[in-house]
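Report on the following structure.
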Amino acid sequence: MTGTPPPGQTRAQTRITVPDPKIMVNLLGAGDEILRLIERSITSDVHVRGNEITLTGAPGDNAFAERLFTELLELIEKGETLTTDAVRRTLGMIEQGATERPAEVLTLNILSRRGRTIRPKTLGQKRYVDAIDQNTIIFGIGPAGTGKTYLAMAKAVQALQAKQVNRIILTRPAVEAGERLGFLPGTLSEKIDPYLRPLYDALHDMLDPESIPKLMAAGTIEVAPLAYMRGRAQPYDARVLTPEGFKPFGSLRIGDLVIGSDGTPTPVIGIYPQGPKQVYRVTTQDGASTVCCGEHLWTVVTPEDRRRGRRRTLETREMMGLERQGPTHRYELPVVAPVQLEPAEVPLDPYALGLLLGNGAISGRIPEVATADLARVGAGADAFADLALAGTSTVDGPRRGDGHRGGVLVANPATVALRELNLVGTVFVPEVYQRNSVDVRLAVLQGLLDTDAGSARQVGRTCRVRFTTTSTRLRDDVVYLVQSLGGIAYQRAPEAEGGEPRLVDGRPVPSDAHVLDIRLPDGVPPFRLSQKRRLYEQHGGGRPRRFVDSIVPAGVQETMCIQVAAEDSLYVTDDFLVTHNTLNDAFIILDEAQNTTPEQMKMFLTRLGFGSKIVVTGDITQVDLPGGTTSGLHAIQQILAGVEDVHFAQLSSSDVVRHRLVSDIVDAYARWDAERESQQQGQGVHAVPGRAAHGGRAGRRR
């Protein structure tokens with residue numbers, strides 16, 4: 001726009017010198033196209049001669065025009081080819097009076113591929129991109145064409161290439177089919193691809209098309225409808241550890257407590273039935289195993305991760321077939337910390353019980369943990385102070401209450417306790433000792449190991465504890481105690497040569513003996529006997545380590561997914577294996593979020609794991625949910641308002657980067673919606689929150 005200033009206002013002149021003729025050519029545009037656009041857009045008169053631009057007008061108008069030319073010249077100097085679109089966007093930013101310089105906004109490169117650069121084109125987009133860098137959960141809310149999803153995907157690819165995350169997960173609700181896709185023809189991929197096509201298209205803009213199938217096959221990029229996002233599942237008959245012991249996975253309810261990786265209880269905050277799924281048995285090198293689906297998540301450390309001091313999260317199917325790297329195992333799993341269970345009263349001192357069990361089956365006579373043994377035990381002797389255990393007393397026999405001839409005959413306390421525990425004639429660790437405090441479980445284990453275990457030493461390496469028993473049940477109970485204390489135990493079966501008796505640590509053992517190699521964590525001493533304790537401490541016990549040994553198909557089973565409130569989202573399943581259902585080290589994008597329900601939004605957001613970032617995009621005026629259903633995107637703005645590290649980026653028609661008419665259309669609809677809402681309020685009609693104000697099903701954007 002050109003014109004004259006109001007009467008009485010002084011006109012001034014401002015000159016701008018452009019030293020490089022090539023810059024001047026770019027600044028004016030082909031056929032002076034850009035110059036004419038600038039002249040129509042500012043109040044000052046513009047006159048160009050040679051390499052000099054003269055601005056004539058009111059001082060304020062000249063200052064505005066000068067800033068415009070300065071920003072455009074800086075764009076050119078940074079290597080940009082000036083376009084009319086860039087001029088319009090620069091004008092818009094200056095008119096908004098923003099502190100950010102247009103030249104900085106329009107040259108903020110996110111990704112470059114084959115000569116094409118992806119960058120924000122408006123001030124709102126720049127602030128949106130900055131918010132993604134600065135926050136963990138970001139909501140990009142605005143009309144169609146504002147680049148919400150496209151920029152989020154560019155940031156995701158950038159983070160993957162910079163190794164800030166290990167995977168990208170892209171999802172959107174497929175509400176057009178009500179997320180009930182079974183009636184549609186074709187395979188699952190053929191059914192869901194139409195709803196995910198915009199995400200695939202954006203990926204092809206940002207990555208080499210040849211690499212995308214490989215990345216998706218490896219699980220590095222996952223594209224799935226929201227309904228399938230929660231599919232990290234285990235069968236109903238899998239076991240999960242609770243403060244009361246192991247329970248069937250399918251018996252859990254919201255609010256129940258399960259044991260987390262730190263050994264303490266954590267509540268279940270979500271339960272999601274998944275229907276029948278192909279499941280796999282995951283087995284570790286110590287013989288522990290559980291069953292889960294192919295998408296189930298595991299926190300693992302590879303040899304490369306160990307060198308770099310990091311960990312990663314992988315799906316079951318990503319590890320299948322890659323369990324070994326040469327002769328060594330590839331994937332190390334975390335080991336649970338000593339499990340904190342509720343203490344309970346026990347009828348017999350736990351260490352004393354361990355000593356008794358370690359001496360063999362308890363039958364007609366109390367095992368001879370007599371004077372000589374008690375002297376060796378040392379601190380453990382107090383456990384027998386009132387039991388008067390001796391080689392001559394019998395289980396059924398009484399003892400004299402005062403220890404002298406003629407005293408009153410009373411029942412032997414050891415006899416009473418052993419009968420109460422059903423331990424006469426057999427050996428096992430009673431349940432009341434297994435489901436008890438760390439101190440009780442450790443004392444039982446120490447009694448067992450003090451009587452029937454030793455240190456297995458290897459030159460130049462730490463030593464393991466080697467326990468031997470002929471009882472299968474006692475073997476299993478010892479494995480349970482070790483695992484519950486944060487250790488590992490696996491069976492070793494040495495072969496006899498030439499018919500000779502089997503030897504373990506130089507000692508002959510029965511042919512039916514079970515030999516366990518045990519490692520316990522620091523702070524969990526296996527022995528109380530001073531000689532054994534000194535030897536163990538001298539060589540060190542090493543660190544318990546668990547590795548994935550095999551993954552094999554286990555059929556199709558009904559499955560379920562849970563969420564827990566633990567900070568790391570880990571929980572303990574069969575054989576004390578640590579697993580989880582949360583997405584760590586991932587860049588996760590939920591597109592078309594206005595079509596989620598509040599329950600779906602909660603499920604999605606609470607999947608956030610360590611090292612992850614979530615970007616949620618949507619247009620609150622384009623809701624396709626059934627009538628009367630509140631949009632999860634609408635509700636979440638109220639629920640998370642003011643929560644730290646959560647940012648709501650609001651984009652508007654001024655951020656539309658499609659054809660300029662799209663911006664005008666968005667504004668026209670906004671005015672029409674406002675008028676209709678005003679009329680409805682005047683008639684006493686109230687719009688349903690989260691629904692498109694112009695009624696019916698909103699038009700779909702392809």
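What you see below is based on every heavy atom in this structure, not just the backbone, and it leaves out hydrogens, waters and symmetry mates.
Remark: the backbone N or O of Thr171 is not paired with any side-chain donor or acceptor of Asp591 at under 3.5 angstrom. Within the 3.5 Å criterion, the main-chain N or O of Thr597 finds a donor-acceptor partner in the side chain of Gln600. In this structure a side-chain-to-backbone donor-acceptor pair under 3.5 Å is missing from His329 to Gln325. Between the Asn51 side chain and the Thr17 main chain, no donor and acceptor come within less than 3.5 Å of each other. Side-chain atoms of Tyr128 come within 3.5 Å of backbone atoms of Lys148 as a donor-acceptor pair (strictly under, hydrogens ignored). No donor-acceptor pair closer than 3.5 Å links the side chain of Arg330 to the backbone N or O of Glu323. Checked by atom type and distance alone, the side chain of Arg89 never pairs as donor or acceptor with a backbone atom of Asp655 at under 3.5 Å. Although no hydrogens or angles enter the test, the distance criterion places no donor-acceptor pair under 3.5 Å between the side chain of Thr302 and the main chain of Tyr331. Distance alone, capped at 3.5 Å, is enough to place a donor-acceptor pair between the Ser631 side chain and the Gln594 backbone. Judged by distance alone, the side chain of Thr146 and the main-chain N or O of Gly142 form no donor-acceptor pair under 3.5 Å.
The pair Lys126-Glu104 does not count as a salt bridge, with every side-chain nitrogen at least 4.0 angstrom from each carboxylate oxygen. Salt-bridge check for Arg101 with Glu71: passed, with a basic side-chain N closer than 4.0 Å to an acidic carboxylate O.
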Run the side-chain hydrogen bond (donor to acceptor under 3.5 Å, both in side chains) check on Asp85 and Thr83 step by step: do they pass?
CA-CA 5 Å; Asp85 182 68; Thr83 63; 4.9 Å; no
Working for side chain to side chain contact (heavy atoms under 4.5 Å, CB included), residues Leu590 and Ile614
CA-CA 8 Å; Leu590 171 59; Ile614 285 179; 5.8 Å; no
Val18 vs Phe69, side chain to side chain contact (heavy atoms under 4.5 Å, CB included): CA-CA, chis, key distance, verdict
CA-CA 10 Å; Val18 180; Phe69 277 108; over 6 Å; no
Is there a side-chain hydrogen bond (donor to acceptor under 3.5 Å, both in side chains) between Ser44 and Asp61 once you walk through the steps?
CA-CA 6 Å; Ser44 299; Asp61 295 335; 5.0 Å; no
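The environment of Glu644 atom CD is sparse: at most 12 non-hydrogen atoms of other residues, nucleotides or ligands sit within 6.0 angstrom.
For the atom pair CE (Met601) and CG (Leu640), the distance works out to 9.0 Å, reported to the nearest 0.5 Å. Interatomic distance, Gln637 CD to Phe139 CZ, rounded to the nearest 0.5 Å: 8.5 Å. Atoms CG and NZ, from Asn135 and Lys613 in turn, are 7.0 Å apart once rounded to the nearest 0.5 Å.
Residues Gln125 and Arg127 bring no donor and acceptor atom of their side chains to less than 3.5 Å of each other.
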